[in-house]
Amino acid sequence: MDRLHGIFVFLRVVEVGTLSAAARALGVSTAAVSAALARLERKLAVRLLNRTTRRLSLTAEGAELYSRCKQITADLEEAELAVGRAGRVPSGRLRVGVPSALGRMWLVPRLPEFVRDYPAVSLEIVCTDFVPYTIEDGLDVAVQVGELHASRLAVHRLASTRYLVCAAPEYLADRGLPRTPEDLMGHVCLTYRRPRNGRLREWRFKSGSSVRHVAVNGFMTFNSGEALVAAARAGLGIIQVAEYYAQSFLESGELVEVLADYKTGGYDISAVFPQQKRIAPKLRVFVDFLVSLFNPPPWSKNGALGYRPPVQARVEAPKRIEFTT
């Protein structure tokens with residue numbers, strides 16, 4: 001550290017031209033400046049400055065040291081500016097975990113809006129069909145669906161989704177329309193096995209002010225919500241799924257909702273990330289993007305207006321998005 005101090009003193013002396021001027025600039029005595037230079041010369045075993053009563057001049061070794069150290073200090077100043085700027089402006093790489101279906105259907109199509117407003121943030125989107133209870137190592141933030149176990153993670157609830165029952169028009173024309181949950185006993189039901197625990201998900205229905213769970217013996221079982229919807233669209237039977245899986249097919253007429261009066265809540269969708277005293281700008285703006293994206297949920301009728309990012313200065317940088325499945 002003493003050598004670094006001597007180098008900074010040496011640079012200032014060369015720049016201002018005299019020991020006394022350097023002392024005033026550094027807020028120390030002229031004797032302290034002279035002593036720092038003397039220590040530096042002893043350590044380097046060379047003379048850096050030729051001193052006369054009227055002026056100072058660089059020796060050849062002094063000129064070489066000045067040239068090299070000036071470049072080093074310029075690099076240090078640039079590094080300080082870059083790091084300080086990164087603490088204020090959203091930039092850098094962000095790894096985001098998302099469930100495959102939710103990401104493909106509702107998040108990925110909206111990413112151009114985020115990239116447009118934060119081009120200095122480089123995204124890596126990690127899609128997975130198996131959503132763990134906690135965040136995986138190496139992810140900065142994850143979109144989680146369903147139950148969250150107690151942990152030290154920060155949790156920001158984004159939305160709730162409801163379960164709905166639906167089937168293809170052709171199936172309903174052939175088998176009839178169920179009017180109550182009890183009518184499902186006479187229908188072909190397609191079930192879902194939870195990847196997390198291997199259990200069949202019971203169907204849920206509103207019953208007055210409470211929720212009734214119904215165990216359905218399925219004709220076919222799937223461990224993918226998208227596959228379940230595809231089977232229903234093919235006319236194989238009736239399904240119960242979270243509304244975001246089926247909403248676009250309900251709008252297109254490929255699926256028809258039934259038992260709407262018995263529809264009940266499903267699960268929460270949340271953003272989770274490691275707790276930290278100061279959230280990095282890149283993480284903060286992405287969580288804000290998620291909050292805006294899901295308020296209201298994009299699959300709802302009111303969600304058509306879409307994400308409206310905050311207005312701020314844009315930082316030009318390469319736009320890079322990688323997808324990992």
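This structure is a prediction, so every number in the text was calculated from the model and none was measured. Because only heavy atoms are used, hydrogens play no part in the values below, and waters and symmetry mates are left out as well, while side chains stay in.
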(request) Using a 4.5 Å cut-off on heavy atoms from C-beta on, say whether the side chain of Phe205 contacts that of Thr264. (result) no
(request) With the side chain counted from C-beta on, respond yes when Leu56 and Leu19 share a heavy-atom pair under 4.5 Å apart, and no when they do not. (result) yes
(message) Check for me, please, whether Val28 and Leu11 land in the same ILVMFWY cluster - side-chain distances under 4.5 Å, paths through other members count.
(response) yes
(request) State, with a plain yes or no, whether a side-chain heavy atom of Gln247 is found less than 4.5 Å away from one of Met105. (result) no
(message) Are the side chains of Leu58 and Phe10 in contact, using a 4.5 Å heavy-atom criterion?
(response) yes
(request) Answer whether the closest heavy-atom distance between the side chains of Ile269 and Val143 falls below 4.5 Å. (result) yes
(message) Tell me if the NE2 atom of His156 is crowded by more than 12 foreign heavy atoms within 6.0 Å.
(response) no
(request) Spell out, as yes or no, whether a donor-acceptor pair under 3.5 Å connects the side chain of Arg201 to the backbone of Gln240. (result) yes
(message) Using side-chain heavy atoms (C-beta onward) and a distance below 4.5 Å, is Ile238 in contact with Tyr171?
(response) yes
(request) Check the hydrophobic clustering (I, L, V, M, F, W, Y; side-chain heavy atoms under 4.5 Å; chains of links allowed) and say if Leu200 and Met220 are grouped together. (result) no
(message) I want to check something: taking the side chain as every heavy atom from C-beta on, are Leu44 and Leu65 in contact at a cut-off of under 4.5 Å?
(response) yes
(request) Output the distance between atom CG (Leu26) and atom CZ (Phe8), rounded to the nearest 0.5 Å. (result) 11.0 Å
(request) Take Ser20 and Thr30 through the side chain to side chain donor-acceptor pair (under 3.5 Å) test and state the conclusion after the steps. (result) CA-CA 5 Å; Ser20 58; Thr30 301; 5.4 Å; no
(message) So, taking the atom named CG in Leu94 and the one named CD in Glu124, what distance separates them when rounded to the nearest 0.5 Å?
(response) 10.0 Å
(message) Would a single hydrophobic cluster contain both Val211 and Tyr163, if residues Ile, Leu, Val, Met, Phe, Trp and Tyr are joined by side-chain heavy-atom contacts under 4.5 Å?
(response) no
(message) So, using ring pair (Phe, Tyr, Trp, His ring centres under 6.0 Å) as the criterion, who are the partners of Phe286 when residues are at least two apart?
(response) Phe114, Phe289
(message) So, taking the atom named CZ in Arg204 and the one named OH in Tyr267, what distance separates them when rounded to the nearest 0.5 Å?
(response) 10.5 Å
(request) Find out if a path of hydrophobic residues (ILVMFWY) with successive side-chain heavy-atom gaps under 4.5 Å connects Leu228 to Phe219. (result) yes
(message) Please say yes or no: joined through hydrophobic side-chain contacts below 4.5 Å, possibly via intermediate residues, are Leu48 and Val16 part of one cluster?
(response) no
(message) Using 0.5 Å steps for rounding, measure from the CZ atom of Arg39 to the OG atom of Ser34.
(response) 9.5 Å
(message) Measuring only between side-chain heavy atoms, which start at C-beta, is Leu259 closer than 4.5 Å to Leu184?
(response) yes
(message) Rounded at 0.5 Å granularity, tell me how far CD in Glu226 sits from CZ in Arg233.
(response) 10.0 Å
(message) Nearest 0.5 Å, please: how far is CZ in Phe273 from CG in Asp140?
(response) 11.0 Å
(message) Regarding Glu41 and Arg51, does a basic nitrogen lie under 4.0 Å from an acidic carboxylate oxygen?
(response) yes
